Amino acid sequence: MLTAKRLNKFRVTVTGYSFVLPAIILVSIFLLYPIGFVLYISFHEWGILGKPEFVGFDNYVRIFKDKNFWTALGNTAYYLILAVPSQIGIGLLLAFLVNKKNLFARGVFRTIFFIPMSVSFVAAGIIFSWILTATPMSGFLPNLINNLGLQFPLWQTTDPGWAMVMIVLMNTWKSAGYCMVIYLAGLQSINNDYYEAAQIDGVKNDWQMFRFITWPLLAPTTFLLIVSTTIFTVRGFEPIFVMTQGGPAGATTTLVYYIFKKFPNLMGVSSAAAIFLLLAIIMLTAVQYWGNRHSEKYY
Amino acid sequence: MKRNLWLLFSLLMVAAMLLAACSTPTAQVVVQTQIVPGESVEVTPAPYSGSKARVNLWHTIPTDTETFLIGDLLPKFNALHPECTIVARNLGIEDPAIVRTGLALPLDDANRPHLWWIASSETGAYVEADVLADVDGWLNANPTIKDNIIPSLLELSSWEGKVRSLPWMTNNTAMWINVDAFEKAGVPIPSQDPEKTWTWDEFADAMKKVTDANSGMKGFLVTVNTGWDFWTFHSWYGAAGGDVSGLAVLDSEATFKSVQLQKDLLDAGYATTTPTGWDAAPWYAGEVAVMANGPWNFPKLSTFTDFKFTVVPYPRDVKPAANLGGDQLFIGKTSTKEQEACAFAFGEWILTDEFQIAFQKQSGNLPVTLTAAASKEYQEHLAKYPFMAGFVNQTPYGVARPPLPQFGEISNAFTPAWDAVMLNDADIKETFKALQEEVNDILGK
């Protein structure tokens, strides 16, 4: 029976949902529908032309039997291991540097370190390709290294293990500014009372201050950056497409690039790989949250 | 009261979005209208004129040639066929997915392509999807036009025994020679006649001598890491006597021999690798004496003076061979007879001598018809640029990529195998036998 109380609760509920309805519609159209469509196509064989043909789990079986898929998975893990710590580490270092109150032209340096974020990945990839190209023509850095009597790795051809390093170099240059800005906000939100209290308690130097005060208090910021940079890195496509096109010898073919290579002739297979990637990212994020479950809230 | 206003506002926003989503989409394609010579290219949607048949042409013609096509050549077609409006759209990059997306539109959609320029390797996919007009029937009804097309290009345009598209331009890659480097090494310049040009042994010897005599320069540029490898591979495979009646047999002696030749040059230090085989910069810069590249570089090559150069055919082994390429004009099914008539009229026009000679002289690619290739005007053009003979003379020995629907996937499988041998010293026979098994899986054998 509709009492006044129930009617009021209903009205409040409808009001709440009507506020979020525009966002739900947009998310449905631009996120849920495409994911649903990819899931649907992953069970079909389709090349854009003609009607999709249902093939059940064949596409999933195919990717699990494909050695290139496992190579791409390995390359993705390698890319993550190199890219995430370097972006976060350098971002933290830059944040410390530009957070110093006595730094001359602090604002200018903050801007300079953040500018790479405004450059597109494609432009950055092309520039870094020119700078780092080692064969058959030598770019700026290989020339410099070779003139010092050292051998710059031929990352585009015979030293494929270095190819991912070069991509990470470009990626870090471009993305460290983002980490710097987030860490800067985190550093500036730390109450000075903690540092004063630590000094009273006997903390002697900057390293101890960082280890016992700053780093623990930056834990939420660090967690946010780990989750976000992991997701951005796994999704990364432009650096690989522009700099190496998945080579040499498949050394930089990540899962995203594998999906791209299967498109459009094998949309079912690339959709199956895309669903796998989605589930992998969700699982990785869930693991990260699970690992953070015992984190202390210091303030 | 305030809460009710917010509720009303939210409901109005939702209603507005729903209305926008349900409205009829208008054509927002970027088009280029008919251009009068001298005018800049329009890039705003053109209103459809009910009295003319509108035919959409999708292409990826490079900018300079596109400007020439739109500004100089299309007006001539428009004058001949005032009942037609050709609406050209440059796709930017030659990506089959873009064309397929357009072909997935309904037949009567104003934005669907009716004509498109793309390589022949997509033919199988189009035939499977039944999106092509009956080009074979049209050519059989016009034997004069059909007989004038270079025979090897008719084969390139065919799939399952029928001609499926019209060749627009053709090309191949040939050996660009740094003549100064060859002269310094005392190596004679090979003949531009494919039947008399250098052999594989002479080629390998030349690379050794040129590398030894020119400090800081390698003999040959071996391409890795891209689909370019598979295309240029066909020249060596064909020359080694490989079966070119269909897809290359990747576990054959011809394949092993072709791969071994370039691997030996790399191992001996007479060659170097590049991940961008189409980029002629290393050759222009004098880093390599010989590279394989195509005639579409004509605009730069025709004015290059840093050193003496020429272009010669691929070295011959069992026989001469070269990789045949180019772009086709595909004619798609249309929703009206008028559009179909205009589409075929355009196809007929691009096969005229007037069009072929003008377009190919501008673009640097090669004519697709016998009369255009033999014409006085084109022969004078070749005489003015003698290096072009290296490309032209190879055309009759061209090895085409079969237009299988799975060709793209096979090319993607080839590259890692090629790279494994060239870069990681993998065993040639083992690697390519495994590759052939992979290709058989792809083909469902």
Side-chain angles (χ1 to χ4, degrees), chain A residues 11-12 14-26 28-29 46-51 62 65-68 71-72 129-130 133-138 154-161 163 243-253 257-258 260-267 269-270, chain B residues 3-4 6-7 9-11 13-14 17-18 21 95-101 103-104 125-126 128-131 218 221-222 224-227 266 272-276 279 281-283 285 287-288 291 405-409 412-413 415-426 438 441-442:
Chain A
R11 206 182 300 144
V12 166
V14 167
T15 306
Y17 276 109
S18 63
F19 274 111
V20 298
L21 192 59
I24 290 174
I25 289 173
L26 288 171
S28 301
I29 292 170
W46 192 47
I48 302 181
L49 298 174
K51 287 190 165 45
R62 190 167 170 167
K65 280 185 176 175
D66 185 358
K67 65 174 177 5
N68 294 323
T71 305
S129 292
W130 287 340
T133 187
T135 183
M137 300 166 74
S138 289
L154 299 177
W155 58 277
Q156 293 151 301
T157 51
T158 49
D159 294 325
M243 290 182 72
T244 59
Q245 299 194 339
T252 56
T253 298
Y257 202 79
Y258 175 88
F260 167 72
K261 294 287 270 185
K262 293 295 178 194
F263 181 85
N265 295 308
L266 297 170
M267 284 206 53
V269 173
S270 63
Chain B
R3 193 171 66 180
N4 287 341
W6 274 113
L7 178 60
F9 177 70
S10 300
L11 288 169
M13 283 281 293
V14 169
M17 278 194 292
L18 285 170
D95 184 350
I98 302 176
V99 176
R100 289 190 192 192
T101 307
L103 292 171
Y126 296 146
E128 264 187 10
D130 193 26
V131 295
K218 295 289 187 184
L221 193 62
V222 173
V224 295
N225 195 24
T226 64
L266 271 177
T272 187
T273 51
T274 176
T276 49
D279 184 2
W283 184 85
E287 302 275 335
V288 289
M291 78 169 297
Q406 306 93 335
F407 186 84
E409 208 188 333
N412 288 342
T415 299
W418 176 266
D419 288 1
V421 169
M422 294 300 162
L423 304 178
N424 295 340
D425 296 327
E438 191 178 344
D441 279 342
I442 291 169

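Only heavy atoms go into these numbers, but all of them, side chains included; no hydrogens, no water, no symmetry mates. Computed from a predicted model, the values in this text were never measured in an experiment. Order of the sequence lines fixes the chain letters, A, B, ..., with proteins taken first and strands second; residue numbering starts at 1 for each chain.
The candidate with the highest count of non-hydrogen atom pairs below 4.5 Å against chain A, out of V224(B), L103(B), V288(B), D95(B), is L103(B). Interface summary for chain A: among T272(B), L266(B), N412(B), D279(B), the most heavy-atom pairs under 4.5 angstrom belong to N412(B).
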Report the C-alpha separation of Q245(A) and T415(B) in whole Å, then their side-chain angles, then the decisive distance to 0.1 Å, and conclude whether the side chain to side chain contact (heavy atoms under 4.5 Å, CB included) test is met. CA-CA 11 Å; Q245(A) 299 194 339; T415(B) 299; over 6 Å; no
Test side chain to side chain contact (heavy atoms under 4.5 Å, CB included) on E128(B) and L49(A); report intermediate values, then the result. CA-CA 9 Å; E128(B) 264 187 10; L49(A) 298 174; over 6 Å; no
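Both the backbone and the side chain of E409(B) come within contact range of chain A, with heavy atoms under 4.5 Å apart. Looking at T273(B), both its backbone and its side chain come within 4.5 Å of chain A, counting heavy atoms on both sides. For L266(A), the part lying near chain B is the side chain, with the backbone staying farther off; criterion is any non-hydrogen pair under 4.5 Å. In this structure, the portion of A125(B) lying under 4.5 Å from any heavy atom of chain A is its backbone and not its side chain. For E438(B), the part lying under 4.5 angstrom from a heavy atom of chain A is the side chain only. For a residue to count as touching a neighbouring chain, one of its non-hydrogen atoms must lie under 4.5 Å from one of that chain's; by this rule K67(A) touches chain B with the side chain only. Contacts between A281(B) and chain A at a heavy-atom distance below 4.5 Å involve backbone atoms as well as side-chain atoms. Looking at D159(A), neither its backbone nor its side chain comes within 4.5 Å of chain B, counting heavy atoms on both sides. For L221(B), the part lying near chain A is the side chain, with the backbone staying farther off; criterion is any non-hydrogen pair under 4.5 Å.
D66(A) places a side-chain N or O within 3.5 Å of a backbone atom of N68(A) that can act as its donor or acceptor partner. D419(B) contributes a side-chain N or O that, together with a main-chain N or O of N225(B), makes up a donor-acceptor pair within less than 3.5 Å. Side chain of T133(A) to backbone of W130(A): no donor-acceptor contact under 3.5 angstrom is found.
The structure places OG1 of T274(B) at 7.0 Å from CE of M291(B), a figure rounded to the nearest 0.5 Å.
At a threshold of 4.5 Å between non-hydrogen side-chain atoms, the residues T71(A) and Y258(A) do not count as touching.
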